[in-house]
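Atoms within each ligand, like the ligands themselves, are counted from 1 in listed order. All of these numbers come straight from a predicted model, not from anything done at the bench.
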Amino acid sequence: MNKTALITGATSGIGRATAHEFAKHGINLVLCGRRQERLDTIEKALSKQTDVHTLNFDVRDKEATQNAISSLPDAFKIIDILINNAGNAHGLDPIQTGDLDDWDAMMDINVKGLLYVSKAVIPQMTERKSGHIINIGSSAGKEVYPKGNVYCGSKHAVLAITEGMRIDLNPFGIKVTAINPGLVETEFSKVRFKGDAAADSVYKGYKALQAEDIAEVIQFAVSRPAHVNIADVLMFCTAQANSTIVNKNV
Ligand code: NDP
Ligand code: 8X3
């Protein structure tokens with residue numbers, strides 16, 4: 001029987017590319033996000049390849065999250081693979097001038113949202129004693145960079161939570177993976193800089209990772225044999241050495 005994957009943040013970037021990659025491999029999809037039009041478009045495109053169901057909820061809302069996942073029809077109820085991907089950076093400011101609303105957004109979405117979705121899915125995995133959770137962290141979860149403060153904090157938390165999940169879910173045979181990319185050319189910088197022109201320069205002068213590059217690694221992780229768990233992946237584009245060193249030809 002085909003597996004079913006629930007992907008948060010499936011309306012854009014890494015989540016959307018992962019939906020396309022999984023569809024190629026016949027994985028059934030539960031696609032989540034807040035932008036209904038995009039969910040509809042992706043559902044229409046991928047329904048030709050696999051079974052697709054969409055859920056519209058904000059991961060910050062714990063009741064809405066629980067209700068949406070509980071509402072899944074029988075054909076999509078059993079989640080074999082959970083991709084905790086929804087998230088963004090909001091702002092790039094020194095700690096002394098950072099915006100409280102930005103801080104709330106990053107902690108509420110990247111950290112608490114990931115927990116709410118996991119809480120709604122994990123019980124069925126522990127009951128079945130099987131499942132695979134992939135948390136999309138970041139190189140920012142391994143290294144702090146100037147003005148990255150709270151975003152880096154949120155991604156360090158994602159990494160710690162991932163390691164905690166791997167420990168606690170170990171008796172149940174559930175795989176837990178962290179995928180930690182560096183710079184990926186998505187809508188990430190548009191969100192971070194709130195549409196400001198600063199977003200335009202982030203991926204200029206070098207070839208950044210593309211969302212499809214991450215999706216391929218996610219597909220690799222979910223297609224390993226039962227005894228193999230890809231625990232932690234750090235991915236950079238060739239031009240990037242770490243969070244602050246990027247070889248730009250400009
Ligand atoms: P995008 O901005 O392209 O996608 C973000 C996705 O998250 C969208 O689908 C958006 O959907 C969803 N999302 C955001 N807020 C919420 C919310 N409150 N509730 C539900 N869904 C939400 O960015 P990326 O694809 O780049 O980012 C995906 C993940 O990858 C994030 O966790 C990010 O931190 C991480 N990452 C990104 C890197 C990069 O350089 N791009 C590098 C390393 C990690 P919608 O708006 O429809 O709700
Ligand atoms: C996204 C990569 O370097 O902008 O997590 O934080 S970075």
Side-chain angles (χ1 to χ4, degrees), residues 6-20 31-42 54-62 64-65 68-69 83-92 101-102 104-114 116-117 134-159 161-162 178-195 198-199 201-203 206 208-215 217-218 233-237 239-246:
L6 185 148
I7 305 175
T8 66
T11 54
S12 175
I14 295 168
R16 180 169 57 193
T18 304
H20 280 265
L31 303 179
C32 310
R34 293 166 302 173
R35 285 170 286 182
Q36 189 60 46
E37 257 184 39
R38 287 192 181 203
L39 288 172
D40 293 343
T41 307
I42 300 164
T54 64
L55 292 177
N56 184 329
F57 62 94
D58 187 323
V59 297
R60 283 174 290 194
D61 183 336
K62 63 177 112 155
T65 300
I69 294 173
I83 310 291
N84 274 318
N85 164 75
N88 278 113
H90 294 262
L92 181 71
D101 291 336
D102 285 344
D104 278 344
M106 290 185 277
M107 300 312 281
D108 289 349
I109 300 168
N110 304 356
V111 182
K112 290 165 69 184
L114 178 148
Y116 297 159
V117 174
I134 298 191
N135 293 333
I136 307 302
S138 169
S139 53
K142 292 182 176 270
E143 184 189 10
V144 178
Y145 54 82
K147 304 182 192 172
N149 44 64
V150 177
Y151 178 67
C152 296
S154 75
K155 290 300 184 176
H156 275 67
V158 168
L159 195 51
I161 290 163
T162 305
I179 305 281
N180 303 291
L183 292 152
V184 190
E185 190 170 359
T186 63
E187 292 173 21
F188 178 87
S189 291
K190 282 193 191 122
V191 175
R192 169 168 250 176
F193 296 109
K194 307 167 202 291
S201 62
V202 177
Y203 309 110
Y206 69 105
L209 287 171
Q210 303 297 299
E212 293 73 20
D213 299 323
I214 316 306
V217 171
I218 294 172
V233 177
L234 176 62
M235 286 179 74
F236 285 125
C237 65
Q240 184 171 15
N242 64 21
S243 288
T244 51
I245 299 177
V246 182

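Those atoms of ligand 1 that come under 4.0 Å of a heavy atom in R60, given as number and element, are 18 (N). Under a 4.0 Å criterion applied to the non-hydrogen atoms of G9, ligand 1 contributes the atoms 6 (C), 7 (O), 8 (C), 9 (O), 12 (C). Close approach of ligand 2 to A140 is summarised as follows: ligand atoms under 4.0 Å from at least one heavy atom of the residue are 6 (O). Set against the non-hydrogen atoms of R35, the atoms of ligand 1 under 4.0 Å away are 8 (C), 10 (C), 11 (O), 45 (P), 46 (O), 47 (O). Less than 4.0 angstrom separates some heavy atom of S138 from each of these atoms of ligand 1: 43 (C), 44 (C). The ligand atoms of ligand 1 that sit less than 4.0 angstrom from a heavy atom of G13 are 3 (O), 25 (O). Remark: ligand 1 atoms within the under-4.0 Å shell around heavy atoms of S12 are 1 (P), 3 (O), 4 (O), 8 (C), 9 (O). With ligand atoms numbered from 1 in the order given, ligand 1 contributes 2 (O), 3 (O) to contacts under 4.0 Å with heavy atoms of E187. For ligand 1, the atoms lying closer than 4.0 Å to a non-hydrogen atom of T11 are 8 (C), 9 (O), 10 (C), 11 (O), 45 (P), 47 (O).
Given atom 48 (O) of ligand 1, the protein heavy atom at minimum distance is R34 NE, 2.6 Å. For atom 41 (N) of ligand 1, the nearest non-hydrogen atom of the protein is V184 O, 3.0 Å. Nearest protein heavy-atom contact of atom 28 (C) of ligand 1 is N85 OD1, 3.1 Å. Protein heavy atom nearest atom 2 (O) of ligand 1, with residue, atom name and distance: N88 ND2, 3.0 Å. Protein heavy atom in closest approach to atom 19 (N) of ligand 1: V59 N, 3.0 Å. With respect to atom 25 (O) of ligand 1, the closest heavy atom belonging to the protein is I14 N, 2.9 Å. What sits closest to atom 34 (O) of ligand 1 on the protein, heavy atoms only, is Y151 OH, 2.7 Å. Among protein heavy atoms, atom 4 (O) of ligand 2 sits closest to F188 CE2, 3.5 Å. In terms of protein heavy-atom proximity, atom 43 (C) of ligand 1 is nearest to P181 O, 3.1 Å. Looking from atom 7 (S) of ligand 2 to the surrounding protein, the closest heavy atom is Y145 OH, 3.6 Å.
Under 4.0 Å from ligand 1, the heavy atoms of L183 that appear belong solely to its backbone. At a 4.0 Å heavy-atom cut-off, ligand 1 does not touch E185 at all. Under 4.0 Å from ligand 1, not a single heavy atom of R16 appears.
Geometrically, ligand 2 and S138 share a nitrogen or oxygen pair separated by less than 3.5 Å. Below 3.5 Å of separation, one finds an N or O of Y151 facing an N or O of ligand 2. Between S139 and ligand 2, not a single N/O pair is under 3.5 Å apart.
Between I214 and the options I179, T18, T186, V233, a side chain to side chain contact (heavy atoms under 4.5 Å, CB included) holds for only I179.
When atom types are taken as modelled, the side chain of K112 and the backbone of V59 share no donor-acceptor pair closer than 3.5 angstrom. Listed for the T8 side chain is a donor-acceptor partner under 3.5 Å among the backbone atoms of N85. Looking at R16, its side chain never comes within 3.5 Å of a backbone N or O of A10 through a donor-acceptor pair. Side chain of D58 to backbone of R60: a donor-acceptor contact under 3.5 angstrom is found. Side-chain atoms of N135 never come within 3.5 Å of backbone atoms of L159 as a donor-acceptor pair (strictly under, hydrogens ignored). No side-chain donor-acceptor contact under 3.5 Å links N180 to the backbone of S139. Remark: the backbone N or O of N242 is not paired with any side-chain donor or acceptor of E143 at under 3.5 angstrom.
Taking the side chain as every heavy atom from C-beta outward, R34 and T11 never approach each other to under 4.5 Å.
Remark: distances from the non-hydrogen atoms of G137 to ligand 1 include one below 4.0 Å. Proximity of R192 to ligand 2 is established by a heavy-atom distance of less than 4.0 Å. Heavy atoms of I109 approach ligand 1 to within less than 4.0 angstrom. Heavy-atom distances between C32 and ligand 1 stay at or above 4.0 Å for every pair. Not a single heavy atom of T8 sits less than 4.0 Å from an atom of ligand 1.
In K142, the NZ atom is crowded: over 12 heavy atoms of neighbouring residues, nucleotides or ligands sit closer than 6.0 Å.
Ring to ring, Y151 and F188 are close: their centroids are under 6.0 angstrom apart.
The residues K194 and D102 are annotated as salt-bridged, a charged nitrogen and a carboxylate oxygen being separated by less than 4.0 angstrom.
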